[in-house]
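Here is the structure we will look at.
Lettering of chains follows the sequences in order, A, B, ..., and the numbering in each one begins at 1.
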2 protein chains.
Amino acid sequence: MSKRVGIREVAAAAGVSVTTVSHSLSGGGQLSDATRKRVRSVAESLNYTPNRLASGLRSKRSQIIGFVSDEISTTPYAGNMLLGAQDAAAAHDQVLMVVNSNRNAQLEARGIDALLQHRVDGIIYARMYHQAVELPAALSGVPTVFLDASNESSDLSSVVPDEEGAALTAMDHLIEAGHRRIGYLNNIDDIPATRGRLAGYRAALAKHGIPFDESLIALSESMTGPGRDAASRLLARPDRPTALFCFNDRIAMGAYQAAHLARLAIPHDLSIVSIDNFEVLADALLPGLTSIALPHYEMGRWAAERLAAELAGEADSPPEQIRMHCPLVLRQSVGPPLR
Amino acid sequence: MSKRVGIREVAAAAGVSVTTVSHSLSGGGQLSDATRKRVRSVAESLNYTPNRLASGLRSKRSQIIGFVSDEISTTPYAGNMLLGAQDAAAAHDQVLMVVNSNRNAQLEARGIDALLQHRVDGIIYARMYHQAVELPAALSGVPTVFLDASNESSDLSSVVPDEEGAALTAMDHLIEAGHRRIGYLNNIDDIPATRGRLAGYRAALAKHGIPFDESLIALSESMTGPGRDAASRLLARPDRPTALFCFNDRIAMGAYQAAHLARLAIPHDLSIVSIDNFEVLADALLPGLTSIALPHYEMGRWAAERLAAELAGEADSPPEQIRMHCPLVLRQSVGPPLR
DNA sequence: CTGTTAGCGCATTCAA
DNA sequence: TTGAATGCGCTAACAG
């Protein structure tokens with residue numbers, strides 16, 4: 001290996017000073033285009049790779065964004081948020097340093113500490129399911145934006161899915177297909193999604209003048225097995241619903257199974273819509289499951305973009321707290337009601 | 001904010017020199033336990049946070065590991081590899097800087113360049129599906145280990161699943177349950193998994209003295225729909241197999257659907273085993289799908305651990321190329337053959 | 001056992 | 001328009 005080439009080697013080779021090189025490369029200073037170009041080509045031919053540790057140390061900008069999440073692993077959604085954030089960060093010449101806590105506060109604290117030691121410029125504090133969070137103490141004073149997470153009393157920017165709107169979209173679709181007795185398989189946890197989607201369910205009914213019937217709601221854990229049981233309960237009723245709106249695709253898969261067990265054909269005897277658009281399921285089910293997509297990629301992107309803006313803008317832009325639209329993805333699980 | 005506290009502030013407050021502080025904190029040097037402890041507590045009380053940019057610049061060790069993958073997003077496996085790598089890295093006081101290329105060589109090159117600019121100590125070059133890869137040119141000379149990827153002609157360490165062993169385990173399970181006519185729904189792509197699992201399938205047959213019957217093999221894309229079609233073909237035969245071994249869980253889901261369509265009960269009329277143990281499917285299917293787990297977390301861990309060892313050991317340890325064992329996860333999709 | 005000192009590679013005044 | 005000099009915060013000789 002040849003000796004590592006630094007800014008001074010480039011300067012020597014180009015016959016200029018290090019200052020000129022620095023300016024040429026970073027776009028700063030007042031240089032003639034000629035020198036700038038020449039320096040750049042010299043740098044390239046020398047295979048120069050700027051040392052961001054040094055420039056970060058000097059300029060107090062590491063160009064690193066910390067991404068802390070609760071669990072990147074189990075959820076299949078995670079990846080898209082990360083990806084969105086990464087793409088946006090890359091556009092700003094930043095790179096992501098990721099840390100996840102596995103829902104363990106102590107690990108999270110350690111991870112955050114590591115990020116801070118590496119002098120990340122800012123942090124994206126993400127959750128894999130939309131939830132209310134507290135800003136960790138260590139992060140006070142650090143530029144931070146919440147991703148798929150929010151905090152009422154905080155003045156930080158955040159982005160979450162529009163839960164209520166998502167449910168409304170799903171229900172509108174069902175109601176426009178002609179359904180009026182629509183069961184809702186809701187999640188059992190007390191999280192924003194549970195509350196927001198229920199609100200959307202009710203809002204849709206109200207909007208279309210359909211009375212709300214508490215008995216059409218069944219609660220279930222967000223998994224297929226429990227979803228199946230809950231759906232079976234609803235389908236066993238003499239006046240069974242003609243359509244089911246499901247909290248998520250895993251529960252919807254349970255609803256499919258319950259329908260099979262009850263010898264109900266989808267969508268002929270029963271229509272189903274859910275939320276997640278988790279393709280491994282929604283696309284695989286027979287028939288394909290019509291589902292509302294959660295905009296994970298877009299949220300990730302927005303968070304990184306927003307953070308970059310806050311890092312750039314010296315002292316403007318009040319925090320924004322966004323609820324992002326969730327689009328309907330049509331497949332084959334909805335048809336007109338039987339009767 | 002109080003002025004940022006650095007090593008010199010700590011030194012002043014503790015009444016020692018910066019060297020002593022540095023040594024106390026890093027564990028180096030020959031200090032009395034007393035001073036070491038005192039310095040540490042002073043540092044803590046001052047809320048000192050070491051600046052890794054500076055220490056990295058000076059020591060030429062950023063303590064950052066680059067993690068480059070092809071697509072973190074779509075696959076649900078990804079997370080666990082990242083997680084394993086992260087856990088192992090954290091144990092070595094390292095942190096992960098992640099970059100993914102979305103299967104785009106140009107993006108990958110840019111990402112790698114960014115990592116190199118940040119002076120990562122080493123790189124984990126990962127694929128989300130086991131595949132043969134070439135080491136990117138930019139990485140020559142950089143400590144690298146392959147994760148779920150390998151390169152025959154390279155002298156780098158790598159870890160991949162033991163594809164053949166996985167298939168063997170699955171087949172043994174079926175054969176021990178009494179099956180002899182076992183169909184194989186293989187993937188259609190020419191990748192190590194396709195070849196390895198087929199080899200395992202044949203090895204298992206040979207081991208138990210069962211003749212290989214080419215016609216019991218059906219090819220399918222690794223998705224549920226195509227898997228369903230392929231399974232239907234096999235199940236339509238007059239001498240249909242009593243069991244199906246599936247390339248992965250998505251194909252297995254298709255096999256379940258084909259069984260339903262053919263009015264075959266699982267496992268009464270048809271046993272199924274597959275590979276992936278992708279819980280969102282395997283656990284959700286009715287009955288639960290017996291599947292071989294791919295050791296993603298463990299591979300991720302191994303890769304980071306191995307890289308750390310290479311970074312520590314100056315010039316020992318020849319490269320290791322590991323095939324990792326894949327354990328069987330029992331659920332309810334296997335029973336004795338009907339006849 | 002502890003302190004002094006000299007850079008790591010770069011960005012940035014300030015002068016020329 | 002360019003160059004010389006200074007130090008970001010820390011580690012690692014080397015001295016004491």
Under 4.0 Å from OP1 or OP2 of [N]: is there any side-chain N or O of [X] that close?
| X | N | result |
| --- | --- | --- |
| A:K60 | D:dG9 | yes |
| B:T35 | C:dT2 | yes |
| B:S17 | C:dG3 | yes |
| B:S22 | D:dT11 | yes |
| A:S59 | C:dA11 | no |

Integer-rounded Å distance: [N] [atom2] and [X] [atom1]:
| X | N | atom1 | atom2 | result |
| --- | --- | --- | --- | --- |
| A:H118 | D:dC8 | NE2 | P | 22 Å |
| A:R119 | C:dA11 | CZ | C1' | 18 Å |
| B:R61 | C:dG9 | CZ | C1' | 19 Å |
| B:R8 | D:dG7 | CZ | P | 10 Å |
| A:Y48 | C:dG9 | OH | P | 10 Å |
| A:I7 | C:dC8 | CD1 | P | 14 Å |
| A:L53 | C:dA11 | CG | P | 12 Å |
| A:R36 | D:dT1 | CZ | C1' | 11 Å |

| said: Quick check on B:R323: does its CZ atom have over 12 non-hydrogen neighbours (other residues, nucleotides or ligands) under 6.0 Å away? | reply: no
| said: Taking any heavy-atom pair under 4.0 Å as a contact, classify A:V21: base, sugar-phosphate, or nothing. | reply: nothing
| task | Mind checking A:T19 for me? I need base, sugar-phosphate or nothing, with any heavy atom below 4.0 Å counting as a touch. | result | base
| query | Between C:dG9, C:dG3, D:dT2, which one does the side chain of A:N51 approach most closely? | reply | C:dG9
Would [X] and [Y] pass as an ion pair if we require N to O under 4.0 Å?
| X | Y | answer |
| --- | --- | --- |
| B:D93 | B:R52 | yes |
| A:E44 | A:K37 | no |
| B:R127 | B:E134 | no |

| field | Nearest atoms (heavy-atom pairs only) where A:S62 meets A:V120 | value | OG-CA, 3.6 Å
| note | Of A:R58 and B:T20, the one whose closest nucleotide on DNA chain C sits nearer the 5' end is B:T20
